[in-house]
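Not measured: the values here are computed from a predicted model. Numbered from 1 within each chain, the chains take letters A, B, ... in sequence-line order.
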There are 4 protein chains.
Amino acid sequence: MTRSKSRKVPDITSPWEPFEDRRRARDIKREAVLRVAVHLFLEQGYDRTSLNEVAERLNITKPALYNYFANKEEILVECYSLGQELSEGALTRMREQDGDGLFRLRGLIRGHALTMAQDFGQCLVRIDDRVLSPEARREVRAGKRLIDAGFRAFISEGIADGSIRPCDVKLTAFAIAGALNWIGHWIQPDGDRSPEQIADEMALRLTEGIANTA
Amino acid sequence: MTRSKSRKVPDITSPWEPFEDRRRARDIKREAVLRVAVHLFLEQGYDRTSLNEVAERLNITKPALYNYFANKEEILVECYSLGQELSEGALTRMREQDGDGLFRLRGLIRGHALTMAQDFGQCLVRIDDRVLSPEARREVRAGKRLIDAGFRAFISEGIADGSIRPCDVKLTAFAIAGALNWIGHWIQPDGDRSPEQIADEMALRLTEGIANTA
Amino acid sequence: MTRSKSRKVPDITSPWEPFEDRRRARDIKREAVLRVAVHLFLEQGYDRTSLNEVAERLNITKPALYNYFANKEEILVECYSLGQELSEGALTRMREQDGDGLFRLRGLIRGHALTMAQDFGQCLVRIDDRVLSPEARREVRAGKRLIDAGFRAFISEGIADGSIRPCDVKLTAFAIAGALNWIGHWIQPDGDRSPEQIADEMALRLTEGIANTA
Amino acid sequence: MTRSKSRKVPDITSPWEPFEDRRRARDIKREAVLRVAVHLFLEQGYDRTSLNEVAERLNITKPALYNYFANKEEILVECYSLGQELSEGALTRMREQDGDGLFRLRGLIRGHALTMAQDFGQCLVRIDDRVLSPEARREVRAGKRLIDAGFRAFISEGIADGSIRPCDVKLTAFAIAGALNWIGHWIQPDGDRSPEQIADEMALRLTEGIANTA
DNA sequence: CATGAATGAGCGTTCATTCAT
DNA sequence: CATGAATGAACGCTCATTCAT
């Protein structure tokens with residue numbers, strides 16, 4: 001192969017590159033596992049997806065998975081984490097941006113809607129976290145509450161700054177979150193609306209009733 | 001043993017009653033199974049609930065369940081059915097009632113919200129129907145589509161009769177259904193809002209943006 | 001079949017006999033499992049004996065074992081228990097019998113030696129209790145300490161009543177127990193000494209040094 | 001490959017030392033493995049000790065162990081060997097020393113008792129050799145028989161020279177060996193008796209009954 | 001109608017061992 | 001000489017389902 005050649009060069013310039021390479025290869029493989037796993041979890045449910053199936057799709061054997069994850073639960077937890085990051089990213093971004101409450105709320109709606117268009121995002125609302133151990137569940141739920149708190153905060157903010165009409169904050173937040181989470185259940189990769197279109201429309205539709213346009 | 005004796009007396013006065021009684025007793029037991037099952041399904045998930053647990057809570061043994069249901073799947077299907085009936089009831093009622101589209105939509109929202117406050121209703125949105133066999137799933141999904149179609153019909157009707165502002169019917173229906181289905185995930189039996197309060201508020205809140213109040 | 005006939009008779013004389021029969025059948029099967037299990041445990045070690053092997057020798061399948069025992073550990077614990085009973089039986093018998101310390105000690109030695117000639121007795125000293133969960137191990141060890149305490153008590157008693165010469169009680173008890181437990185390692189079912197002969201000789205030999213024959 | 005080159009320099013000044021050094025380093029590491037291994041084997045049992053655990057305690061990785069040992073069994077066999085050497089050493093020493101049978105028996109008892117105070121010695125009696133392959137087991141058992149033969153030889157010798165009273169040689173040897181082997185099960189590193197005290201007491205106690213002191 | 005017993009299929013996990021690097 | 005990765009084999013255990021009683 002070309003291996004003997006390609007090895008010599010990095011050896012001189014950076015003796016650690018092989019390690020880097022390995023680390024990177026490892027991360028790539030971990031990600032591959034997660035992508036396959038979340039896909040199957042969404043397709044068949046967590047309990048009905050055996051590690052054998054996950055491994056088979058990766059052309060490895062079941063025990064090989066244990067090189068990357070301690071157990072099946074850890075795989076799910078990391079899937080949740082990746083989904084959570086998507087939504088939290090939008091929350092953080094909007095928090096750091098200038099604009100009134102309504103503007104920020106709409107941004108968060110868009111971000112959360114886009115999250116629901118991706119596998120890792122969908123797993124947040126479609127894989128029941130009751131399969132997790134108490135500790136893991138607690139962590140996952142903490143993440144979910146964070147997003148919920150974001151919705152409420154922006155709504156309250158909007159009411160305070162006048163961009164949003166007074167309303168029941170908690171219920172409104174639930175209504176919005178519910179409509180968005182539901183996207184994860186009906187959206188189709190090849191549907192006639194793109195995720196961005198859905199996100200934009202939701203941002204408007206879900207704030208129509210509370211936006212102060214006077 | 002002594003049963004044949006104790007049966008003979010009623011046999012004379014009314015030969016049909018015992019059958020009736022039996023049927024009734026059987027139905028009562030079936031219902032009891034379903035109530036326990038749906039409760040456990042919601043608590044632990046379908047896959048993680050063994051028939052043994054269901055049987056134990058009923059103080060019977062596992063195989064006894066097979067006298068009332070062909071298999072585990074049938075139990076779940078019937079739970080879905082009962083939930084479905086709740087929502088479909090509201091749909092039928094509103095269909096038969098006079099009123100414009102907005103009025104009917106609000107009625108359906110209330111009905112569906114109340115459905116989400118009950119175990120059988122919650123199982124519609126919290127138990128993943130991917131655990132079902134293809135045939136059973138098809139049936140269940142047909143039921144769900146029925147409700148969805150109801151939402152869309154009332155919205156279209158409202159747009160036609162002017163009670164609802166023109167909007168993207170499909171997306172609006174999804175948003176409303178999502179907000180309502182989500183209730184099943186956050187509602188608590190001893191929360192500070194009664195199901196009726198939630199239903200009423202949702203009926204208003206979810207139509208605020210589209211109601212034509214001019 | 002002959003069922004309807006054969007059932008009627010016991011129904012009259014004793015309506016509970018079928019249950020009794022079942023209970024008895026169950027106990028017989030449990031015992032059979034234990035006998036096979038302890039045999040294999042002694043032959044190959046606990047960890048290297050799979051439940052499959054146990055089941056196969058009983059002409060049943062592995063999960064059938066779970067009708068009688070909660071898990072593999074429980075099987076071992078019950079084997080220990082049966083062995084423990086053998087030795088404790090001798091202890092209790094000697095405690096209740098008249099005689100000086102030396103007499104009782106010799107009786108206990110004989111009893112313990114005979115215990116070591118049986119599978120359940122051997123498992124006490126040949127199956128490492130470190131495979132048990134902490135709780136189970138504690139219980140098992142408590143049992144073992146009981147026997148040890150018995151040896152010490154009889155020795156002390158003998159010293160007090162003059163039948164045994166003053167000696168280091170603890171060490172002497174250990175030496176005797178060790179010599180006896182070792183029997184479980186070298187005895188052979190078809191050896192040239194019968195268990196009784198071994199027991200008798202041990203009773204003498206192990207007390208030669210401390211018996212007060214003056 | 002590059003080894004032949006790097007070896008050339010030391011080859012001039014002292015061609016043997018590098019080998020010696022290497023061998024020594026290798027042996028040191030082998031010993032370290034054995035010490036850790038026997039410790040864990042005694043603590044958790046052979047089957048329940050994974051090579052990973054052994055490697056971890058040595059701050060190396062599991063496959064590295066295979067540079068020093070062909071497989072897990074070989075590790076255990078060598079542990080046995082080291083234990084065996086301890087006891088055989090005492091046997092040889094006493095064989096070469098002047099003195100009657102009783103004297104030599106007592107020396108062997110002391111030596112064997114001291115063996116039981118060490119990890120490698122304990123593994124002789126606490127790790128079941130049934131985990132070994134037939135060939136390895138045969139070898140190990142041959143070693144054990146050697147010790148047993150030593151006990152019998154000294155007893156017979158003592159009977160012949162009058163230092164020991166006539167007795168059943170085989171049974172007496174078993175009783176003594178059993179009492180000594182048992183030490184491995186109850187001795188504690190920080191107990192109130194030192195190994196030497198135990199050894200001395202045992203040498204007396206176990207020969208009290210058969211010593212000819214007339 | 002209900003039960004105890006049994007089964008077959010399957011799952012998550014562990015581990016000694018091998019191998020390319 | 002050491003490592004990370006991978007594998008094959010096995011194991012304990014669970015569970016829906018069946019069946020004789």
Exercise. Which pairs count as ring-ring contact (aromatic ring centres under 6.0 Å, His included) when at least one residue sits in residues 48-77 of chain B, sequence neighbours excluded?
Worked result: none

Exercise. Can you name the side-chain contact (heavy atoms from CB on, under 4.5 Å) partners of D:Ile60, sequence neighbours left out?
Worked result: D:Ala55, D:Leu58, D:Ala64, D:Leu65

Problem set entry | side-chain hydrogen bond (donor to acceptor under 3.5 Å, both in side chains) partners of A:Arg35, counting only residues at least two apart | none

For this session: Figure out the CZ/C1' separation between A:Arg30 and F:dA5, and round it to whole Å.
Result: 15 Å

Exercise. What integer distance in Å separates A:Leu65:CG from F:dG8:C1'?
Worked result: 15 Å

Seminar exercise, completed: In short, B:Val54 meets B:Val36 closest at the heavy-atom pair O-CG1, 3.9 Å

Would you tabulate the pairs of protein nitrogen or oxygen atoms and nucleotide nitrogen or oxygen atoms of nucleotides 8-11 of chain E closer than 3.5 angstrom?
none

Seminar exercise, completed: Between CG of A:Asp27 and C1' of F:dG4 the distance, given in whole Å, is 14 Å

Exercise. So what's the dot-bracket for DNA chain E: Watson-Crick or G-U pairs under 3.5 Å, [ ] if a pair crosses, | if it pairs off-strand?
Worked result: .||||||||||||||||||||

For this session: By nearest nucleotide on DNA chain F, pick out whichever of B:Ala70 and C:Glu73 is the more 5' one.
Result: C:Glu73

For this session: Starting at atom CG of C:Asn59, determine the distance to atom C1' of E:dT7, rounded to an integer number of angstrom.
Result: 14 Å

Seminar exercise, completed: Applying side-chain hydrogen bond (donor to acceptor under 3.5 Å, both in side chains) to B:Arg138 and not counting sequence neighbours gives none

Problem set entry | Nearest-Å distance for atom pair CD1/P, residues C:Ile75 and F:dC13 | 9 Å

Problem set entry | Pairs satisfying salt bridge (Lys or Arg N to Asp or Glu O under 4.0 Å), at least one member in residues 48-71 of chain B, at least two apart | A:Asp47-B:Arg48, B:Glu43-B:Arg57

Exercise. What residues form a ring-ring contact (aromatic ring centres under 6.0 Å, His included) with D:Tyr80, not counting sequence neighbours?
Worked result: none

Problem set entry | Residue pairs passing the salt bridge (Lys or Arg N to Asp or Glu O under 4.0 Å) test where at least one lies in residues 64-77 of chain A, sequence neighbours excluded | none

Problem set entry | Nearest-angstrom distance from the residue atom CD of D:Glu74 to P of E:dA16 | 15 Å

Seminar exercise, completed: From CG of B:Asn71 across to P of F:dT18 the rounded distance in Å is 8 Å

Exercise. Distance-only, no hydrogens or angles: does the B:Thr49 side chain make a donor-acceptor pair with backbone N or O of B:Gln44 under 3.5 Å?
Worked result: no

Exercise. In whole angstroms, how far is the C1' atom of F:dC1 from the CD1 atom of D:Ile60?
Worked result: 10 Å

For this session: Can you run down the ring-ring contact (aromatic ring centres under 6.0 Å, His included) pairs that involve residues 24-50 of chain B, sequence neighbours left out, and say none if there aren't any?
Result: B:Phe41-B:Tyr46

Exercise. Within the pair A:Arg26 and F:dG4, is there a side-chain N or O less than 4.0 Å away from OP1 or OP2?
Worked result: no

Seminar exercise, completed: Residue pair A:Tyr66/B:Asn67 against DNA chain E: nearer the 5' end by closest nucleotide is B:Asn67

For this session: Could you pull out the closest heavy-atom pair between C:Cys123 and C:Val38, with the gap in Å?
Result: CB-CG2, 3.7 Å

Exercise. What nucleic acid atoms does B:Phe69 come within less than 4.0 Å of, heavy atoms only: base, sugar-phosphate, or nothing?
Worked result: nothing

Problem set entry | Near-strand residues of residues 34-45 of chain D, defined as heavy-atom separation under 4.0 angstrom from DNA chain E | none

For this session: Tell me, please, which residues at least two apart from C:Ser81 pass side-chain hydrogen bond (donor to acceptor under 3.5 Å, both in side chains).
Result: none

